[in-house]
Engineer: 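My structure is below; once you've seen it, I'll send some questions.
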Amino acid sequence: MSKLAFVFDTVLLKDEKNNYYAINLNYQLWRDRYLKTFDEIIVSTRSKKVPYREIVKKPGYTISNGENVEIKPISKYNKVTDAIFHRREIENQIKEIIDQVDCVIIRMPSPLGNVACYLCRKYNKKYAIEMVTCPWDSYRNHGHWAGKLVAPFMYFETKKQCKQATRVLYVTKEFLQKRYPTSGITINASNVMISEPNSNILDKRVEKIEKQKVNYTLGLVGSFDLKFKGHLVALKALEIVKKKYPNVKIEFLGTGNDKKIKKYIQSKNLEDNVVFLGTLPSGNPVLHWMDDLDILVIPSFQEGLPRVLIEAMSRGCPAVGSSAGGIPELIRRDVIHKPGDYKKLAEDIQKLIGNKEYMIKLAKENFENSKEYAKESLDLRRNKFWREFRDNNQ
């Protein structure tokens with residue numbers, strides 16, 4: 001029997017029957033990715049009590065606990081500052097968990113993860129890091145002054161933890177490895193899970209591009225509460241593109257406080273060029289929405305390796321994006337702009353709209369590159385990595 005503790009920093013919703021719910025870190029993830037290697041899992045993070053009747057109203061949330069998966073939240077950790085003011089209590093709770101398991105996977109960056117790394121080394125517990133995004137970019141673009149204050153600390157702390165770890169899984173090919181190198185065993189494996197792309201999808205995309213005439217639709221995915229997603233950057237670029245292509249529009253997929261966005265749209269007379277879609281169920285509904293797009297836009301200020309971009313690539317969708325995180329690992333450099341550079345973003349969009357041959361070229365490149373992230377291929381590499389972690393001393 002092998003027992004794993006999985007430590008990360010997010011908020012699971014807890015109902016009256018002590019069931020926990022998450023959007024991405026749900027029971028399907030534990031079953032398909034980790035229970036293939038480990039017999040039991042204890043998941044440790046933050047939690048928030050919410051009535052079940054409210055949880056079911058929240059799009060995308062599904063149950064996280066289940067057979068051989070137990071959730072044990074760190075009750076003393078509810079916000080980032082607790083890692084300082086309640087450090088002793090948090091350490092005691094984490095130690096109690098790691099004492100029950102054979103090994104630990106720590107998803108970083110995370111203040112809670114920093115504590116877990118320290119304790120694993122102190123008590124000689126085998127552990128590995130999953131490095132999923134850049135803390136410097138994340139906290140610096142948090143949108144709150146406290147995030148900017150924490151960014152340097154989290155950058156250097158995460159750098160130290162990766163350096164000292166004996167095994168690190170990175171979601172990028174190069175970006176995170178360069179910023180947060182390790183002396184240990186490594187692998188790059190994206191968190192994205194897509195099916196093997198079908199050639200019929202590419203054929204339909206090429207046909208769509210060839211028939212396109214006047215109306216062009218851009219798409220951007222992300223919560224309005226996440227300022228680093230670059231909604232305003234996209235709108236500023238749209239304002240420029242509209243002058244040459246008045247029938248262009250952008251569709252926003254996501255929820256959150258959109259008051260500032262809507263105010264900007266009204267001030268620039270963009271009401272006829274912007275559509276708010278809210279949310280769509282993950283899976284086929286989102287993929288079919290991508291099939292109707294002409295260009296996916298990712299003007300983010302920070303990213304790991306964006307799932308939405310890889311999904312769009314698997315649909316043969318041309319894309320333009322910023323140089324944040326692992327985006328340049330996925331699409332051509334000539335459709336990359338520096339974060340915040342709306343003028344270059346506008347140029348890239350116009351370059352695609354005005355050249356069908358170029359759009360077809362990008363569609364084919366994106367489609368072929370997405371195959372590298374097919375679930376079957378990634379699972380084989382990732383499972384091998386975790387089996388070796390389970391069976392070896394490091």
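If you're wondering where the values come from, they're calculated on a predicted model, not measured in any experiment. No hydrogens, no waters, no symmetry mates; every other heavy atom, side chains included, goes into these values.
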Engineer: Using a 3.5 Å distance criterion without hydrogens, assess whether the side chain of N366 forms a donor-acceptor pair with backbone atoms of G316.
Structural biologist: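 A pair under 3.5 Å: no.
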
Engineer: Kindly work out whether a path of hydrophobic side-chain contacts (I/L/V/M/F/W/Y, heavy atoms less than 4.5 Å apart) joins V275 to V214.
Structural biologist: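 Hydrophobic grouping puts V275 apart from V214.
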
Engineer: List for me each residue that meets ring pair (Phe, Tyr, Trp, His ring centres under 6.0 Å) alongside F252, sequence neighbours excluded, and say none if there are none.
Structural biologist: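 Ring pair (Phe, Tyr, Trp, His ring centres under 6.0 Å) check on F252 returns F224, H231, F276.
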
Engineer: Considering only NZ, NE, NH1 and NH2 on the basic side and carboxylate oxygens on the acidic side, decide whether K236 and E239 come within less than 4.0 Å.
Structural biologist: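 Here K236 does not pair with E239 in a salt bridge, since their nearest N and O are not under 4.0 Å apart.
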
Engineer: Going by salt bridge (charged side-chain N to carboxylate O under 4.0 Å, His left out), name the residues that satisfy it together with K76, two or more places apart in sequence or in a different chain.
Structural biologist: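 Expected list: none.
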
Engineer: Ignoring hydrogens and angles, tell me if any N or O in the side chain of Q93 forms a donor-acceptor pair with the backbone of S75 under 3.5 Å.
Structural biologist: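 Indeed, once roles are kept as given, a pair shorter than 3.5 Å links the two residues.
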
Engineer: For V308 and L296, which heavy atoms make the closest approach, and how far apart are they?
Structural biologist: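 Heavy-atom minimum between the residues: O-CD2, 3.9 Å.
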
Engineer: Under the criterion side-chain contact (heavy atoms from CB on, under 4.5 Å), I'd like the reasoning laid out for Y373 against S314: C-alpha separation, chi angles, the key distance, then a yes or no.
Structural biologist: CA-CA 9 Å; Y373 300 91; S314 74; over 6 Å; no

Engineer: Using a 4.5 Å cut-off on heavy atoms from C-beta on, say whether the side chain of V241 contacts that of Y216.
Structural biologist: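 Heavy-atom side-chain distance check fails, nothing below 4.5 Å.
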
Engineer: Please find the pair of heavy atoms, one from K364 and one from V206, that lie closest to each other, and give the distance.
Structural biologist: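 Heavy atoms only, the tightest pair is CE-CG2, 4.3 Å.
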
Engineer: Applying side-chain hydrogen bond (donor to acceptor under 3.5 Å, both in side chains), name anything that partners S300, two or more places apart in sequence or on another chain.
Structural biologist: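 By the side-chain hydrogen bond (donor to acceptor under 3.5 Å, both in side chains) rule, S300 matches E303.
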
Engineer: Okay, side chain of N383, backbone of D379: is any donor-acceptor separation there less than 3.5 Å?
Structural biologist: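 Yes; at least one donor-acceptor contact below 3.5 Å.
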
Engineer: Within a strict 4.5 Å, meaning less than it, do heavy atoms of the M108 and N114 side chains meet?
Structural biologist: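 In contact.
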
Engineer: Mind jotting down which residue pairs meet the ring-ring contact (aromatic ring centres under 6.0 Å, His included) criterion with at least one end in residues 54-104? Sequence neighbours excluded, please.
Structural biologist: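 For residues 54-104: none.
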
Engineer: Are the side chains of I74 and I97 in contact, using a 4.5 Å heavy-atom criterion?
Structural biologist: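 SC-SC contact between I97 and I74 confirmed.
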
Engineer: Would you call L35 and I41 a side-chain contact if the rule is heavy atoms closer than 4.5 Å?
Structural biologist: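 Touching, per the 4.5 Å side-chain cut-off.
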
Engineer: Does the side chain of I187 reach to within under 4.5 Å of the side chain of K384, using non-hydrogen atoms?
Structural biologist: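 No, side chains not in contact.
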
Engineer: Does V11 share a hydrophobic cluster with I94, counting links as ILVMFWY side-chain heavy atoms below 4.5 Å and allowing steps through other members?
Structural biologist: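 The answer is no; the residues belong to distinct hydrophobic clusters.
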
Engineer: Should V233 and F301 count as side-chain neighbours, where that means a heavy-atom distance under 4.5 Å?
Structural biologist: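 Yes, close enough: below the 4.5 Å cut-off.
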
Engineer: Taking all atoms of both residues into account, what is the closest heavy-atom pair of I331 and G321, and its distance?
Structural biologist: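 Answer, listing the atom of I331 first, then G321: CD1-N, 3.7 Å.
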
Engineer: For the pair K204 (side chain) and R315 (backbone), establish whether a donor and an acceptor sit closer than 3.5 Å, ignoring hydrogens and angles.
Structural biologist: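 Between the backbone of R315 and the side chain of K204 there is no qualifying donor-acceptor contact (under 3.5 Å).
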
Engineer: Once side chain to side chain contact (heavy atoms under 4.5 Å, CB included) is applied, do any residues pair with E311, and if so which ones, sequence neighbours excluded?
Structural biologist: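 Side chain to side chain contact (heavy atoms under 4.5 Å, CB included) list for E311, sorted by chain: I194, V286, L287, M290, R307.
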
Engineer: Do you reckon F156 sits in the same ILVMFWY cluster as V168, going by side-chain contacts under 4.5 Å, direct or chained?
Structural biologist: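 Yes.
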
Engineer: Side chains of T172 and Q177: do they bring a donor and an acceptor to under 3.5 Å?
Structural biologist: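 A donor-acceptor contact under 3.5 Å links the two side chains.
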
Engineer: Is L270 linked to L277 within one hydrophobic cluster, defined over Ile, Leu, Val, Met, Phe, Trp and Tyr using a side-chain heavy-atom separation of less than 4.5 Å?
Structural biologist: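 Same cluster.
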
Engineer: Answer yes or no: is there a side-chain heavy-atom contact under 4.5 Å between L12 and P73?
Structural biologist: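 No; the side chains remain at least 4.5 Å from each other.
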
Engineer: Would you check if the side chain of R33 reaches a backbone N or O of N191 as a donor-acceptor pair within less than 3.5 Å?
Structural biologist: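 Confirmed, R33 side chain pairs with N191 backbone.
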
Engineer: Find the distance between CG (L253) and OG (S223) and round it off to the nearest 0.5 Å.
Structural biologist: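 Going from the CG atom of L253 to the OG atom of S223 covers 11.0 Å.
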
Engineer: Taking the side chain from K351 and the backbone from D334, do they hold a donor-acceptor pair closer than 3.5 Å?
Structural biologist: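 Yes, K351 side chain to D334 backbone: donor-acceptor pair under 3.5 Å.
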
Engineer: How far apart are the C-alpha atoms of M131 and T158, what are their side-chain angles, what is the distance that settles it, and do they pass the side-chain contact (heavy atoms from CB on, under 4.5 Å) test?
Structural biologist: CA-CA 9 Å; M131 192 62 193; T158 305; 3.4 Å; yes

Engineer: Checking F6 now: which residues fulfil ring pair (Phe, Tyr, Trp, His ring centres under 6.0 Å) with it, not counting sequence neighbours?
Structural biologist: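 F6: ring pair (Phe, Tyr, Trp, His ring centres under 6.0 Å) contacts with F8, W30, Y34.
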
Engineer: ring-ring contact (aromatic ring centres under 6.0 Å, His included): which pairs involve residues 165-212, sequence neighbours left out?
Structural biologist: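 Qualifying pairs: Y155-Y180.
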
Engineer: Run through K95, R87, R88 and flag the one making a salt bridge (Lys or Arg N to Asp or Glu O under 4.0 Å) with E91.
Structural biologist: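 Of the listed options, the one satisfying the test is R87.
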
Engineer: Passes side-chain hydrogen bond (donor to acceptor under 3.5 Å, both in side chains), E251 versus T217? Steps please.
Structural biologist: CA-CA 7 Å; E251 296 182 348; T217 303; 4.9 Å; no

Engineer: Evaluate the side-chain proximity of E372 to K173: yes if any heavy-atom separation is below 4.5 Å, no if none is.
Structural biologist: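 A side-chain contact exists here, since the closest heavy-atom pair is under 4.5 Å.
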
Engineer: Can you name the residues that form a side-chain hydrogen bond (donor to acceptor under 3.5 Å, both in side chains) with T255, not counting sequence neighbours?
Structural biologist: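 side-chain hydrogen bond (donor to acceptor under 3.5 Å, both in side chains) list for T255, sorted by chain: empty.
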
Engineer: I'd like to know if D82 and R46 make a salt bridge, using a cut-off of under 4.0 Å between side-chain N and carboxylate O.
Structural biologist: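 Salt bridge: no.
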
Engineer: Does atom CD of E67 have more than 12 heavy-atom neighbours, drawn from other residues, nucleotides or ligands, at distances under 6.0 Å?
Structural biologist: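 Not buried by this count: 12 neighbours or fewer within 6.0 Å.
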
Engineer: Testing the basics here: between S64 and L25, what is the closest heavy-atom pair and its distance to 0.1 Å?
Structural biologist: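 Taking S64 first and L25 second, the nearest heavy atoms are OG-O, 2.9 Å.
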
Engineer: By side chain to side chain contact (heavy atoms under 4.5 Å, CB included), which residues pair with V56, not counting sequence neighbours?
Structural biologist: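 Side chain to side chain contact (heavy atoms under 4.5 Å, CB included) check on V56 returns Y52.
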
Engineer: Has the side chain of T45 got a donor or acceptor atom that lies under 3.5 Å from a matching backbone atom of T10?
Structural biologist: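 It does hold such a pair.
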
Engineer: Would one find more than 12 heavy atoms of other residues, nucleotides or ligands at under 6.0 Å from atom CD of E16?
Structural biologist: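 Enclosed: over 12 neighbouring heavy atoms sit under 6.0 Å from CD of E16.
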
Engineer: Taking only residues two or more places apart in sequence or in another chain, which ones pass side chain to side chain contact (heavy atoms under 4.5 Å, CB included) with N124?
Structural biologist: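 In terms of side chain to side chain contact (heavy atoms under 4.5 Å, CB included), with neighbours along the sequence ignored, N124 is linked to no residue.
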
Engineer: Are any side-chain N or O atoms of N19 and backbone N or O atoms of D15, one a donor and one an acceptor, separated by less than 3.5 Å?
Structural biologist: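 Here the side-chain-to-backbone pair does not exist.
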
Engineer: Which atoms form the tightest heavy-atom contact between L293 and C317, and what is the distance?
Structural biologist: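 Where L293 meets C317 most closely, the heavy atoms are CB-SG, 4.3 Å.
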
Engineer: Verify, without hydrogens or angle tests, whether R390 (side chain) and T37 (backbone) share a donor-acceptor contact under 3.5 angstrom.
Structural biologist: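 Yes: the side chain of R390 pairs with the backbone of T37.
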
Engineer: Without swapping roles, check the side chain of Y27 against the backbone of T62 for a donor-acceptor pair under 3.5 Å.
Structural biologist: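 Checking the backbone N and O of T62 against the side chain of Y27, no donor-acceptor pair under 3.5 Å is found.
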
Engineer: Looking at S44 and L112, what are the two nearest heavy atoms and their distance?
Structural biologist: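 S44 and L112 have their closest heavy atoms at O-CD2, 4.2 Å.
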
Engineer: By the definition salt bridge (Lys or Arg N to Asp or Glu O under 4.0 Å), identify the one residue from R332, K371, R205 that meets it with E365.
Structural biologist: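 When R332, K371, R205 are each tested with E365, the salt bridge (Lys or Arg N to Asp or Glu O under 4.0 Å) holds only for R332.
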
Engineer: Does any pair with a residue in residues 319-331 pass side-chain hydrogen bond (donor to acceptor under 3.5 Å, both in side chains), and if so which ones, sequence neighbours excluded?
Structural biologist: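 Residue pairs passing side-chain hydrogen bond (donor to acceptor under 3.5 Å, both in side chains), neighbours aside: none found.
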
Engineer: Does the pair D294 and K208 meet the rule for a salt bridge (charged side-chain N to carboxylate O under 4.0 Å, His left out), with working shown?
Structural biologist: CA-CA 9 Å; D294 295 297; K208 171 180 168 57; 3.3 Å; yes

Engineer: Got a second to check how far I360's CD1 is from E357's CD, nearest 0.5 Å?
Structural biologist: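 The CD1 atom of I360 sits 7.0 Å away from the CD atom of E357.
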
Engineer: Using a 6.0 Å cut-off, check whether atom CD of Q164 has over 12 heavy atoms from anything other than its own residue.
Structural biologist: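 Yes, CD of Q164 has more than 12 neighbouring heavy atoms, counting only those of other groups under 6.0 Å.
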
Engineer: Any side-chain hydrogen bond (donor to acceptor under 3.5 Å, both in side chains) pairs touching residues 335-344, not counting sequence neighbours?
Structural biologist: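 The answer is K344-D348.
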
